[in-house]
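Notes follow once the structure below has been shown.
We name chains A, B, ... by the order of the sequence lines, and we start the count at 1 in each one.
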There are 2 protein chains.
Amino acid sequence: MKQETRKEEIISTAAKLFKEKGYSAVTMRDLASAMGIKAASLYNHISSKQDILKVIIISLAESFTEGMAVIQSSNDLCLDKLRQIVKLHITISSQNVYGMASLNNDWMHLEEQLEYYLKLRHDYENDFRNILKQGIDSNEVIDKNLDVMLFSMLSTLRSLYLWIPKKEDLNLEELAANLSNVLINGINK
Amino acid sequence: MKQETRKEEIISTAAKLFKEKGYSAVTMRDLASAMGIKAASLYNHISSKQDILKVIIISLAESFTEGMAVIQSSNDLCLDKLRQIVKLHITISSQNVYGMASLNNDWMHLEEQLEYYLKLRHDYENDFRNILKQGIDSNEVIDKNLDVMLFSMLSTLRSLYLWIPKKEDLNLEELAANLSNVLINGINK
DNA sequence: GTCTATATGGTGATAGAC
DNA sequence: GTCTATCACCATATAGAC
């Protein structure tokens, strides 16, 4: 188990606070207090509040991009690719529940990296849509409401960070199977 | 068409700004500037920034509670009740896209009304869960993963405010039918 | 209904001692 | 690596003139 550097400690503490109140409502004094030090001391490890947000969001966004690239390059059936996307979201979300809150809710407070983030997100959604499209072409997926399907799946997957920490003794493999099943087959008997 | 009072004008302008940057990041100067007046002038119409947030969130939360009460009291089949819940979310979200952002993302900044809001939300989720449970008992809904189904449907419905404004020429009746279909029957062929 | 002026306190960040 | 002290600025909100 690699031990956290002081900088990583600051970043994960910040992510936790950002999840509770959002980036703008968390002050450097709040963060310092949660670490048991004074605000000025934070600046020995990080260069600015903005820098913390950047690290949290961009590293997560790039994880999704990398995961999607792997899924895309496979020759699996579309429905299997969709199951892999579900797995990707569950894995990343469960490993960084706090950071996912910033990725979802505080991206608009990015400064230098805003456009880069928006491009990553846009490309990710496009790749997701293309997999659904292929599923329609190969007769695996219903040929109706492509955008509604994409919106529904993405909304659910993006909310996992809110839901995962509320379930105790959660088996991630089981969750992936169950959630894939609900998203693909619906809820009716 | 009822014309907006100055107070209502302030509240709907605030909701728009809150959606873009979140409650904490919007200053009274931002809000005043968007209205074309000075910050001090706002206080002739509203008593505090907090008061604006309270009005936006509580009125929406109560709308959902009222809608759910109507749906619950009917004798319709469970799947029909679920379709009505979808319709309820689409109707409220499309009428108040900006306010829905605060309801979803800024509720933690409520002060006096925080507990009241949490109770409304908790009761709403409970009612939703009970409808699904009844659907299982009446053999309309698969008897598996109740919590996963609830989470998935609620996540999608709570994200409608992000998605509705991106679609031009959106027919709400059609969206309700299509979204219900995707949520109930899934996406596979 | 809006303004200017102002009170009071919080904000991110830096300098320099230990 | 942390501290105290401090800077320059921004926050919500009020008082009182027009």
- Lys/Arg N to Asp/Glu carboxylate O, A:Lys21 vs A:Asp30, below 4.0 Å: yes
- Item | Quiz item: cation-pi between B:Lys49 and B:Tyr23, 6.0 Å / 45° | yes
Where do N or O atoms of nucleotides 11-13 of chain D meet protein N or O atoms at under 3.5 Å, pair by pair?
| unit_1 | atom_1 | unit_2 | atom_2 | d |
| --- | --- | --- | --- | --- |
| D:dT12 | OP1 | B:Met28 | N | 3.4 |
| D:dT12 | OP1 | B:Lys49 | NZ | 3.2 |
| D:dT12 | OP2 | B:Met28 | N | 2.8 |
| D:dA13 | OP2 | B:Tyr43 | OH | 2.8 |
| D:dA13 | OP2 | B:Lys49 | N | 2.9 |

- Task: Measure the distance from CG on A:Asp51 to C1' on C:dG12 and round it to the nearest whole Å.
- Result: 14 Å
- Query: Tell me: CG of A:Leu31 to C1' of C:dT11, nearest whole Å?
  - Reply: 14 Å
- Rounded to the Å, how far apart are A:Lys38 NZ and D:dC3 P? 7 Å
- Just by distance, do the side chain of B:Gln50 and the backbone of B:His109 share a donor-acceptor pair under 3.5 Å? yes
- Message: Applying salt bridge (Lys or Arg N to Asp or Glu O under 4.0 Å) to B:Arg158 and B:Glu125, what does each step give before you reach the verdict?
- Response: CA-CA 12 Å; B:Arg158 283 178 173 155; B:Glu125 290 184 13; 2.8 Å; yes
- Task: Could I get the full list of side-chain contact (heavy atoms from CB on, under 4.5 Å) partners for B:Ala40, not counting sequence neighbours?
- Result: none
- Task: Let me know the distance between CG of A:Leu42 and P of C:dA15, rounded to the nearest Å.
- Result: 17 Å
- Message: My understanding is that only one of B:Tyr161, B:Tyr124, B:Trp163 makes a ring pair (Phe, Tyr, Trp, His ring centres under 6.0 Å) with B:His89; could you say which?
- Response: B:Tyr124
- Query: Going by number, which of residues 15-22 of chain B have a non-hydrogen atom under 4.0 Å from DNA chain D?
  - Reply: none
- Message: At less than 4.0 Å, is any side-chain N or O atom of A:Ser41 found next to OP1 or OP2 of D:dC3? Yes or no.
- Response: yes
- Determine, step by step, whether B:Asp137 and B:Lys133 satisfy the salt bridge (Lys or Arg N to Asp or Glu O under 4.0 Å) criterion, reporting the C-alpha distance in whole Å, the side-chain angles of both residues, the deciding distance to 0.1 Å, and the verdict. CA-CA 6 Å; B:Asp137 293 342; B:Lys133 252 186 213 152; over 6 Å; no
- From CD1 of B:Ile37 across to P of C:dT4 the rounded distance in Å is 12 Å
- Item | Sidechain N-carboxylate O distance under 4.0 Å for A:Asp143, B:Lys189 | no
